[in-house]
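Note sheet for the following structure.
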Amino acid sequence: MRQKELRIALVCYGGISLAVYMHGVTKELWRATRASRAFHCPEGPVPQGVEAVYLHLLEEIALTRDLRLRLLPDIISGASAGGINGVFLAQAIATGQSLEPLTAMWLERADIDVLLDPDAKPWSSFAKFWAQPLVWFVLKRPGNVVSSTVARETRSEVRRKVSRLIRARWFAPPFSGIGFSRMIADALDAMAHTPMGDPLLPEGHPMDLLVTATDFNGHLEELRLNSPEVVVESEHRLSIGFRRTTTRGSDRDLAPCPELVLAARSTASFPGAFPPLALDEIDKLVAERGNSWPTRQSFIERIMPTHARRGTAESVALVDGAVLVNRPFAQAIDVLRDRPARREVDRRFVYIDPSPDHMRIAPKGGRTVGFFAAIFGSLSSIPREQPIRDNLESLERQSRQRARLRAIVDALRPEIEDTVEALFGRTLFFDWPNQRRLTTWRNKAQQAAAERAGFAFHGYAQTKLSGIVADLACLIHQAAPHAASEGDVEAALWQHLAVHGLDRLSALRGGATVEAITFFRTHDLSFRIRRLKLLARRLTHDWDAGEVVDPASREVARDAVYRAQALYQGRETAEGLGPGFAETAALATIDPGAVLNAIAARRDLITLDLQVDGLLVAALESMDKPLRRRFLHAYLGFPFYDIATLPLLQGDGMGEFDPVKVDRISPDDATSIRKGGTFACLRGVEFFNFGAFFSRAYRENDYLWGRLHGAERTIDLICSTVEEPLGAEVIAAFKRDAFLAILEEEQGQLMAEPGLVDRVKAEVVAAFAG
């Protein structure tokens with residue numbers, strides 16, 4: 001059966017108290033991923049509740065569309081409140097732990113009264129008596145901010161808590177920083193004590209978590225100009241990233257607990273509400289819990305390299321990541337490049353936007369912006385509502401570029417197939433390849449393509465060499481970021497290559513020089529991956545079953561290609577080079593030749609080529625003759641495609657042919673139960689998006705709608721990756737079943753607003769009655 005992975009890069013926005021809604025959404029994505037794991041690994045526990053609905057959906061797709069689909073959220077990027085949800089979701093996916101403790105944290109402890117620092121609480125009605133006029137102005141004057149932004153039934157509770165907040169200490173943040181850190185650490189500990197299943201990603205697959213923070217005082221970064229040569233600029237953006245290769249071993253944590261706490265606490269350190277995060281707060285937390293943090297120094301050097309070099313890390317003050325980067329698309333895009341592929345992939349960027357209609361909170365009818373509206377709106381809305389148009393336009397340009405490349409390759413296909421047929425058409429045993437023959441044919445095809453390219457080969461070779469050197473410099477710098485800048489490493493590599501004959505790549509009579517051939521065979525990893533991606537494209541999209549190609553043979557071929565691709569991609573990163581490489585990489589500007597030799601030895605691409613040839617030959621033996629010849633023509637003909645296309649893309653190569661698709665999850669997109677979007681469903685938008693922090697009933701309401709909307713959009717995502725869509729009635733039935741399963745799970749759990757679950761259940765029944 002054909003297999004496909006629906007890979008999700010999840011981007012979680014900031015949203016103040018709408019974090020509770022976003023948690024409901026991410027919880028459904030987590031449950032659907034658990035169901036997907038159960039579908040592919042049925043020896044585990046049988047899914048119950050809404051997970052059983054997702055499992056039945058995957059089974060329906062397999063039964064009726066002959067497609068085994070796996071859901072893999074493998075990149076999570078978040079800012080502010082979205083960053084907290086991202087930290088917990090990534091930890092749950094990497095470890096197999098439960099996400100339920102985060103639900104308890106949001107519902108029970110994300111309340112103004114709990115978050116207030118004990119030292120800041122007013123202990124009597126006379127405390128801060130001089131603040132009483134301000135309390136009256138905010139809470140009781142005609143047209144006050146509570147009356148205009150909070151529902152009638154909750155105003156008394158909100159007024160009571162706002163009064164305490166205003167009469168708390170002044171000229172200092174009212175909420176406790178260390179209290180916030182303890183709350184996060186307690187939830188992570190509670191997750192660690194839940195029954196642990198298998199990780200939700202396949203073994204060996206990378207999990208990336210990226211959260212944004214803001215370095216309040218900033219750090220100086222060098223900029224290279226023409227004149228003067230170097231200037232410095234203050235940089236305040238800080239990205240805290242974690243990558244972990246999935247394992248079923250005992251140590252599965254995405255990162256040590258203090259580092260996850262630091263990431264979650266700093267990204268959501270709302271200015272004026274919480275004090276900025278300093279490292280000594282995390283040190284205090286570690287000490288009072290009787291734990292240790294052995295990776296402290298290496299972590300600081302990784303996320304704050306400039307401060308680590310200058311010795312200023314201990315004085316760093318981190319505030320909310322959404323101040324500068326509330327919609328962290330760029331961070332997620334940056335880690336797309338080296339994802340392994342074992343089968344066909346449908347890559348999606350999915351972003352959660354709990355309140356897309358931001359303008360509805362603005363005053364209408366020409367009214368001027370009031371005092372508190374200006375303060376709360378500036379802090380909670382404007383910095384967090386910068387448009388994502390630039391990010392989406394970048395992805396759209398990338399998709400158009402891939403479409404153009406696909407058209408070029410399709411146009412070249414007949415001529416290249418004729419050329420390969422002319423080269424090998426009379427070759428003895430072409431229909432009976434073995435490993436030695438395939439290796440010989442592969443080398444012959446590459447040499448023929450180089451010789452026939454003529455003058456065009458030199459431009460191609462230079463483009464290829466530049467890409468290899470840039471990739472090697474990036475790899476070396478990632479392994480030893482403090483030894484030298486990436487630019488200095490690249491300059492050292494170029495100088496070394498020029499001394500050793502790589503300043504000339506083309507032989508006088510055509511083709512590559514001996515030195516160039518040796519270097520490309522030793523270091524050109526990208527060429528090998530591009531070749532396999534072209535084969536995967538052919539097998540998945542271009543060679544339909546109707547073209548006298550046996551579907552079973554094609555699936556064998558596709559599996560072999562993706563396994564071979566994964567072998568090469570495993571050598572792309574510093575992690576893939578094994579332990580001890582960082583010490584060697586640090587010598588790159590001193591002895592670049594030794595570093596190149598170390599990379600060559602650790603990658604050992606020539607031996608890996610033989611292993612891949614053997615893997616492909618084993619697959620070729622099980623193919624029928626038509627597919628075998630098509631496969632060989634595409635595999636051996638790839639150098640001709642690469643010479644024609646690589647210079648057009650300035651070294652990016654064919655890479656992924658298919659566009660990256662973007663999907664949104666918001667109340668405006670999930671209307672099966674209730675129409676009207678955010679303001680018809682969510683209560684956290686009240687009081688300038690702080691509403692849910694003032695009322696547990698609000699938090700329960702938003703959490704429930706987050707689960708319902710998350711279920712609806714998750715089902716939409718799963719169904720949208722099937723080329724032959726399921727019928728509308730079938731999809732609607734799965735959504736109804738998911739809604740009812742969620743409401744059944746929450747019946748008796750959400751009690752702050754009596755009748756909430758029953759009322760929503762009645763809406764579900766009415767919505768699907770027809």
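Owing to the predicted nature of the structure, the values given are computational and were not obtained by experimental measurement.
Two residues are said to be in side-chain contact when any heavy atoms from C-beta on lie closer than 4.5 Å; Phe216 and Leu318 fail this criterion. Considering only heavy atoms from C-beta on, Leu567 comes within 4.5 Å of Leu608 through its side chain. Between Leu615 and Arg563, some side-chain heavy-atom pair lies under the 4.5 Å cut-off. Looking at heavy atoms from C-beta onward, Ile240 lies out of side-chain contact with Glu259 at the 4.5 angstrom threshold. Side chains of Asp320 and Phe274 form no contact here, defined as non-hydrogen atoms less than 4.5 Å apart. Looking only at side-chain heavy atoms (C-beta outward), Met304 and Leu238 come within less than 4.5 Å of each other. Residues Thr312 and Glu314 form no side-chain contact, since every pair of their non-hydrogen atoms from C-beta on lies 4.5 Å or further apart. Leu497 has its side chain within reach of Val469: a pair of non-hydrogen atoms, C-beta onward, lies under 4.5 Å apart.
Interatomic distance, CG of Asp334 versus CD1 of Ile75, reported as 10.0 Å (0.5 Å rounding). Distance check: Thr439 OG1 to Ile606 CD1 gives 11.0 Å after rounding to the nearest 0.5 Å. Note: Leu262 CG to Phe299 CZ = 5.0 Å, rounded to the nearest 0.5 Å. Atom CD1 of residue Ile517 and atom CG of residue Asn443 lie 9.0 Å apart, to the nearest 0.5 angstrom. In this structure, CG in Leu277 is found 12.0 Å from OG1 in Thr214, a value given to the nearest 0.5 Å. With rounding to the nearest 0.5 Å, the separation of CG in Leu285 from CG in Asp280 is 11.5 Å.
Although no hydrogens or angles enter the test, the distance criterion places no donor-acceptor pair under 3.5 Å between the side chain of Thr267 and the main chain of Ala264. Panel note: side chain Gln435, backbone Leu610; a donor-acceptor pair is recorded below 3.5 Å. Between the side chain of Gln91 and the backbone N or O of Leu254, at least one donor-acceptor pair lies under 3.5 Å. One N or O on the side chain of Thr573 and one on the backbone of Gly576 form a donor-acceptor pair closer than 3.5 Å. Checking side-chain atoms of Ser80 against main-chain N and O of Gly14 turns up no donor-acceptor pair under 3.5 Å. Remark: side-chain polar atoms of Arg603 are paired, donor with acceptor, to backbone N or O of Arg571 under 3.5 angstrom. Panel note: side chain Arg244, backbone Asp253; a donor-acceptor pair is recorded below 3.5 Å. The backbone N or O of Ser485 sits nowhere less than 3.5 Å from a side-chain atom of His477 that would complete a donor-acceptor pair.
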Open item on the list: Please determine whether side chain to side chain contact (heavy atoms under 4.5 Å, CB included) holds for the pair Lys444 and Thr440, giving the CA-CA distance in whole Å, both sets of side-chain angles, and the decisive distance to 0.1 Å.
Closed with: CA-CA 6 Å; Lys444 178 182 177 181; Thr440 301; 5.5 Å; no

Open item on the list: Quick one, Phe519 with Ile468, criterion side chain to side chain contact (heavy atoms under 4.5 Å, CB included). Give me CA distance, side-chain angles, the key distance, then yes/no.
Closed with: CA-CA 10 Å; Phe519 183 81; Ile468 296 170; 3.8 Å; yes

TODO: Just do the side chain to side chain contact (heavy atoms under 4.5 Å, CB included) check on Asp208 and Asp74 with the steps written out, would you?
DONE: CA-CA 6 Å; Asp208 279 289; Asp74 61 346; over 6 Å; no

Open item on the list: Pair Gln565, Lys533 - check side chain to side chain contact (heavy atoms under 4.5 Å, CB included), show working.
Closed with: CA-CA 8 Å; Gln565 185 178 326; Lys533 285 183 175 181; 3.4 Å; yes

Open item on the list: Test side-chain hydrogen bond (donor to acceptor under 3.5 Å, both in side chains) on Ser269 and Arg265; report intermediate values, then the result.
Closed with: CA-CA 6 Å; Ser269 184; Arg265 161 75 170 89; 3.0 Å; yes

Open item on the list: side-chain hydrogen bond (donor to acceptor under 3.5 Å, both in side chains) for Asp215 and His307? Distances and angles first, verdict last.
Closed with: CA-CA 11 Å; Asp215 180 355; His307 284 298; 2.7 Å; yes

- [ ] Please report the C-alpha distance between Asp613 and Arg442 in whole Å, then the side-chain angles of each, then the deciding distance to 0.1 Å, and finally whether the salt bridge (Lys or Arg N to Asp or Glu O under 4.0 Å) criterion is met.
- [x] CA-CA 9 Å; Asp613 284 346; Arg442 175 166 49 77; 2.6 Å; yes

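Counting all heavy atoms, side chain and backbone alike, Ala313 lies closest to Ile300 at CB-CG2, 3.6 Å. Ala263 and Phe242 get closest at one heavy-atom pair: CB-CE1, 3.8 Å. Here the closest non-hydrogen pair linking Phe457 and Ala450 is CE1-CB, 3.5 Å. The minimum heavy-atom distance between Ile282 and Ser181, with the atom names listed, is CD1-OG, 4.1 Å. Residues His482 and Pro305 approach most closely at CE1-CB, 3.8 Å, considering heavy atoms. Heavy atoms only, all atoms of each residue included: Val335 and Arg243 are closest at O-NH2, 4.0 Å.
Note that Arg531 lies outside the cation-pi zone of Tyr641, set by a 6.0 Å cut-off to the ring centre and a 45° limit from the axis.
Taking a cutoff of 4.0 Å between a charged side-chain nitrogen and a carboxylate oxygen, Arg296 and Asp283 qualify as a salt bridge.
Partners of Glu203 by salt bridge (charged side-chain N to carboxylate O under 4.0 Å, His left out), not counting sequence neighbours, listed by chain and number: Arg248. Residues satisfying the salt bridge (charged side-chain N to carboxylate O under 4.0 Å, His left out) criterion with Arg528, sequence neighbours excluded, are Asp609.
Paired with Phe527 under the rule ring-ring contact (aromatic ring centres under 6.0 Å, His included), one option of Tyr460, Phe638, Phe520 passes, and it is Phe638.
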When the side chains of residues 594-602 are checked against the rest of the protein, which donor-acceptor pairs come out under 3.5 Å, sequence neighbours left out?
from, atom 1, to, atom 2, distance (Å)
Asn597, ND2, Gly593, O, 3.2
Arg602, NH1, Leu577, O, 2.6
Arg602, NH1, Pro579, O, 3.1
Arg602, NH2, Pro579, O, 3.4

